[in-house]
Amino acid sequence: MTQPRRLDRVLGLELEGIPPYSFDLSVHKPAGWAWISPFEAFSEGTVWTGFNVAERPIGIKAWSTGTVSEPSVRAEVYSDGPLPDREESLVETRLAMCLGLREDVAGFYELAERHDFLRQAKHDLYGMRCTPFPDVFTGAILAVTLQWSALKRSVGMRRSLYLEFGDRISFDGRTVILCPSPRRIASVGVEELRGRCNLGYRASFIRRIAEAIVRGDAPAMDELYAMPPSEARRRLRALKGIGEYSADIISPRMGFPVDVWSARIFARVFGLDASRPVGRLIADTRRVADDLFGEWKGYVFVYVINDLAIREPSLLGMG
DNA sequence: GCGTCCAGGTCTACC
DNA sequence: GGTAGACCTGGACGC
């Protein structure tokens, strides 16, 4: 195992948000989803994580300095050297995006008042944001490893990719493993990827997505963020191995990524016949989500699953 | 112990 | 444009 790269504090940021905003719920969701890296740490309201900016590993320590009604986040940025102005600006923009700080959820909360299950979720998770990935490759690795696999194996594949190929960084007394860079994965053979990470047929998908990003043939996350959501998903689906489900996960304006598992949950929430063939069930839950919630459907997905994690954890296999 | 089924999708070939 | 079959692997289940 390689020694972690030591990073020093190079920048402090104070980020304002649109209320209501809950930092803790946004970066540390009740369903146990990590904010950015499965190897980040969260303790007493502070998160230590990181991502790559212009192929440079960046460490982030962040915590709330405000309230739900007057949100403010302090972020300390760590690097292996001073950041050029352009990279400082990139880090600040990306952090605000990943935190969902500038997302106005008033429209979603209005919608939530019209549905019992959402009114409850809004109450339980008030101020929580959907938090986009810092880059397309981080989202693609999650989406592809979730495909056609039981959760235990999905978790194992993703952790192996990080452990085998991700950068280890050490800062503020913590060590975090970052998402492997596309350039690193593009330099590894498909068979080696398959063997070291137990990826099966997914190895070629991940390798081809990495190559597309290195060539500049894939859209950047900030470009996707600026596009209409349907266009962003269309651009993502042009990548090999990214279908409707995966594009819904990766898109910065999250879609409604129903699969076999979540279709059964949402069939119950939406009052559909859960005994129908699973292919039909997935199509039906997608249609209902589109019709009732439009572009807020991603928030519906995240709020419902995380509210179940609080109220009915056994339904999610959480105990 | 062994065989079968199926799982938190996507692509390709074929019609 | 719609659909069947292939794709890796491993846990659960029946025998």
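Heavy atoms only: backbone and side chains are in, while hydrogens, waters and symmetry mates are out. Here is the naming used below: chain letters follow the sequence lines, and residue numbers restart at 1 for every chain.
Per the geometry, CZ belonging to A:Arg237 stands 15 Å off P belonging to B:dG9, to the nearest Å. Atom CG of A:Leu151 and atom C1' of B:dC6 are 15 Å apart (whole Å). In this structure, the CZ atom of A:Arg158 is 20 Å from the C1' atom of C:dC8, given to the nearest Å. The CG atom of A:Leu236 sits 15 Å away from the C1' atom of B:dT10 (whole-angstrom rounding). The CD-C1' distance, from A:Gln147 to C:dC8, rounds to 12 Å in whole Å. Here B:dA7 presents its P atom at 13 Å from OH of A:Tyr201, a figure rounded to the nearest Å. Rounded to a whole Å, the CZ atom of A:Arg233 is 13 Å from the P atom of B:dT10. One can place CG of A:Leu239 at 10 Å from P of B:dC11, the figure rounded to the nearest angstrom.
B:dG8 and C:dC13 have their P atoms separated by 13 Å, given to the nearest Å. With P as the reference atom, C:dG11 and B:dT10 are 24 Å apart, rounded to whole Å. Going from the P atom of B:dC11 to that of C:dG10 covers 24 Å, rounded to whole Å.
Between A:Tyr126 and A:Tyr109, the two ring planes are parallel [angle under 30°; tilted spans 30° to 60°].
Of the residues near DNA chain C, A:Lys152 and A:Met157, the one whose nearest nucleotide (by heavy atom distance) lies more toward the 5' end is A:Met157. DNA chain B is contacted by both A:Ser262 and A:Phe205; A:Ser262 maps to the nucleotide lying nearer its 5′ end (nearest heavy atom per residue). Mapped onto DNA chain B by nearest heavy atom, A:Leu146 and A:Gly241 fall at different nucleotides, with A:Leu146 at the one closer to the 5' end.
Taking CG from A:Leu118 and CZ from A:Phe293, the interatomic distance works out to 5.0 Å, rounded to the nearest 0.5 Å. Within the model, atoms CD1 of A:Ile169 and CD1 of A:Ile177 stand 10.0 Å from one another, a figure rounded to the nearest 0.5 Å. If you take OG on A:Ser89 and CD on A:Glu87, they are separated by 10.5 Å, rounding to the nearest 0.5 Å.
Stacking between A:Trp148 and C:dC7 is present: the aromatic ring centre lies within less than 5.5 angstrom of the base six-membered ring centre, and the two planes differ by under 30 degrees.
A close approach under 4.0 Å does not occur between any side-chain nitrogen or oxygen of A:Ser149 and OP1 or OP2 of C:dG10. Of the side-chain N and O atoms in A:Asn198, one or more sit less than 4.0 angstrom from OP1 or OP2 of C:dG10. At C:dG11, none of the side-chain N or O atoms of A:Arg153 fall inside 4.0 Å of OP1 or OP2 (strictly under the cut-off). Within the 4.0 Å cut-off from OP1 or OP2 of B:dT12, at least one side-chain nitrogen or oxygen of A:Lys240 is found. At B:dG9, none of the side-chain N or O atoms of A:Arg286 fall inside 4.0 Å of OP1 or OP2 (strictly under the cut-off).
Across the strands present, B:dA13 finds its partner in C:dT3; the criterion is a Watson-Crick or G-U wobble pair with both atom distances under 3.5 angstrom. Remark: B:dT4 base-pairs with C:dA12. Criterion, Watson-Crick or G-U wobble with two distances under 3.5 Å.
As judged by a 4.0 angstrom heavy-atom cut-off over every strand, A:Ile249 is placed among residues making no nucleic acid contact. Nucleic acid contact for A:Arg202: base, since at least one base atom lies under 4.0 Å from a heavy atom of the residue. A:Leu199 comes within 4.0 angstrom of nothing in the nucleic acid, heavy atoms only. Using a 4.0 Å heavy-atom criterion, one finds that A:Arg208 contacts no nucleic acid atom at all.
Using a cutoff of 4.0 Å between basic side-chain nitrogens and carboxylate oxygens, A:Arg74 and A:Glu76 are scored as salt-bridged.
Scanning both residues, A:Ile213 and A:Val136, for their nearest heavy atoms gives CD1-CG1, 4.4 Å.
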